[in-house]
Amino acid sequence: MSRPKQMTRAVIVGHKSILKETIDALHDTNLFHVEDFVEDESGFKISKPFKNAEEVSKKLVKIRSIANYLGIESKKPVVQKSDAVLRELDSKLNELDRTISAKTESISQLENELKDMDSQKREVLPYLSIDLDFDYFRGYESLKVFAGTLKNNLEASQISSITQAYELYFDPQSKAVVLFVANNDADKVYELLQGLGFKELRVPERGGVPSELLRSIEQKEADVTRRIESLKGEIESLKTKYADFILASDEVLSIESQKAELPLRIATSENAFIIDGWTPTESYDRLVSVVNNATNGKAYITSLEVREEEEEDAPVEYNNSKSVAPMQQIMDLYSRPKYFEIDPSSAIFITFPLIYGMILGDIGYALILGSIALAIKKAIKSDAVSDMMNILIYCQIWTIFFGLIYGEFLGFPLASTHEEQGLLPFWHTVTLFHSIGGEEFTFPIHRAHMVMSMIVLSVVVGLIHLNLGYLFGFSNIAREHGMKHALLEKGSWMIIELGVLIAAVGYFGGSALMYVGAVVLVLGIVMLAMGEGIAGIVELPSLMGNALSYARIIAVGLSSIYIASTVNDIAFGMVWPDHSKIGFAAIAAIIVFILGHALNTVLSIIAPGLHALRLQYVEFFGKFYEGGGRKFNPFGYIRKYTEE
Amino acid sequence: MVDGATANLFLDAAGAKAIGASIAIALTGIASAIAEKDIGTAAIGAMAENEGLFGKGLILTVIPETIVIFGLVVALLINSA
């Protein structure tokens, strides 16, 4: 069982003239967690950032906004020399900025034109059915023009009853109307039109026949859209051309800005500076030699005695082997351990995939998910992704193991039972012994046929897991507060369990052991009351809840089996009636089979994963884990796109 | 007007077991759903503030699943009794 890395508190003191060299050296080693200085009465003040800070951060903002605009994502790094990048930075950045702003400006101009044309088009559209030149609509002295739409139909006779001097254009379909009448009759005609729900529409200002106007507008629209597309294409090509440069310069500038802003976090006086922080004890010597080399021994660096209460907020760095390291992702998802706590990464390295495997337990899904995980790991070179995929692969190893025990392949039983033929004709189910609830305990274990035995087994696994948690808690408390507290607070739980176990054996065996168990149980409860007071007693029933919670191992597993075997039943039910012809039903069956198992594969990550995780976090961690440790965040940068 | 045959239909042992099991599953399912609904909404609210809380929100959301798991265990017990 590992604990987080041992930390040493170190202080670096020196004259301000060597501040820059010291910062550069610290940044390169990437080993020193700088504690922010808070101003107090000591007379030390935080310093100002280096002179170039403002300029660097300006450029950084610019480069990031460009990267954001172009949608540049991190990709396989092309490593460049950082000084070469810095040399070209200004000219390239300006050029890029200019090109992009010119192009975006023209794009927005063109888009405005497009909007304009759209509104022109909308003005013309109502008149499309009345193909009359718009120049005819205006410029009369004695004529009034009504142009618009109606709600109801308009008959020529309705107008002619008012006046004979009119010219009517009406389209019954679109209900568009254009009516020319003499000024004298205009009022009466207007009344009539109003009765029919007349709505006046604007007449486009330019002359021309509507259909031709529309055609020319549409032509222009297509033209403008094409130009926008080509501009966007040019921007896209900028992206491919400059991606490496942008990623590299972002990195270089980030590093520069980190260095330039460090003085804001440290204590300085007129002529001296103090940098306070933590480093893993194992790398302390290296840190000293690096700083001394960089400053010709002018900086004074020393380690400090750490008081117990200071230890509480030491930054926490995991101390795990390479194979366990991916589990740290799962730990961080919950909370980092405290400095003095046990780091359960190596425990969940075993228990998480084990429980996942117990839940899923299917060779077919394990092979599918395992190969998907391997493929993703190959395709995406990112630390976080590869850690997650490693966890998934660990899980699949256990899933194959349990798949063999359960004899399952994509929901099909591999071994034959008494009722049905298995996939592998030579594998027969062997009855090992008669067990709980009159069920036969067999190998391979057919989960759907021996539910009760599996529930009991799951709870037993759960009890083992829980007791591991109590042991960890015991160790934590023993280290922190001494043996007596550990025994009362965590040991008492184990004694209670022991008591229940002895009593149960006695009860079923019909012997006096029952009374021994009861005595042990009472002893455990008394110890618990001494250790945790009344709160401990109140929590007693939770022990049963926690243990029963592990029944989900079989429950979630069963749901996966039932989905898989339902898919199989449907698919094979479709082809079964007639083997001779491979027709539509067979194709449909294949589709059902693939889609159904694809769905179940996705569920096979989510359901067992979440439940296995939950058993770790809620049931297991609840017994010993506090968490809330501060991340060890060394001053430095892990370069990906550049090198010195 | 319940005659003997209908009464038998209702009191049939296998049927009563199935109904009992289904009540166990249904009620605990609803209970988990209600609990998860509240947690889920709160988790989404928290995620809107800080996307890094996705993992924690997910875990918190499945915590009430225990209720329905208990229901399932009871249903299985009823069925195998």
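Below, each value reflects all heavy atoms present in this structure, side chains not excepted, and no hydrogens, waters or symmetry copies. Per chain, numbering begins at 1; letters A, B, ... match sequence-line order.
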Go through A:Lys631 and A:Glu317 one step at a time and tell me if the salt bridge (Lys or Arg N to Asp or Glu O under 4.0 Å) criterion holds. CA-CA 7 Å; A:Lys631 193 179 176 206; A:Glu317 171 74 338; over 6 Å; no
Whether A:Tyr356 and A:Phe352 hold their rings parallel, tilted or perpendicular, with breakpoints at 30° and 60°: tilted
Any idea how A:Phe349 and A:Tyr394 line up, ring-wise: parallel (<30°), tilted (30 to 60°), or perpendicular (>60°)? perpendicular
Would you say A:Tyr334 and A:Tyr625 make side-chain contact, with heavy atoms under 4.5 Å? yes
Top residue by heavy-atom pair count (under 4.5 Å) with chain B, among A:Ile330, A:Leu610, A:Val618? A:Leu610
May I have the step-by-step check of ring pair (Phe, Tyr, Trp, His ring centres under 6.0 Å) for A:Phe624 and A:Tyr470, ending in yes or no? CA-CA 6 Å; A:Phe624 68 97; A:Tyr470 282 128; 9.5 Å; no
Within residues 547-557 of chain A, residues adjacent to chain B where the heavy-atom gap is under 4.5 Å: A:Leu548, A:Ser549, A:Ala551, A:Arg552, A:Ala555, A:Val556
Bottom line for A:Ile455: the part with an atom under 4.5 Å from chain B's heavy atoms is side chain
So if I apply the side-chain contact (heavy atoms from CB on, under 4.5 Å) rule between A:Leu360 and each of A:Ile355, A:Leu369, A:Ile561, which one comes out positive? A:Leu369
Could you tell me if A:Asn546 and A:Lys623 have a donor-acceptor pair between their side chains, going purely by distance under 3.5 Å? yes
Tell me, side chain or backbone of B:Phe54 under 4.5 Å from chain A's heavy atoms, or both, or neither? neither
Before you tell me yes or no, could you show the steps for A:Asn390 and A:Lys377 under side chain to side chain donor-acceptor pair (under 3.5 Å), namely the whole-Å CA-CA distance, both residues' side-chain angles and the distance that decides it to 0.1 Å? CA-CA 8 Å; A:Asn390 278 336; A:Lys377 203 179 141 188; 3.0 Å; yes
Okay, A:Tyr617 and chain B: the region with an atom under 4.5 Å from a heavy atom over there is side chain
So for B:Ile63, is it side chain, backbone, both, or neither that comes closer than 4.5 Å to the heavy atoms of chain A? both
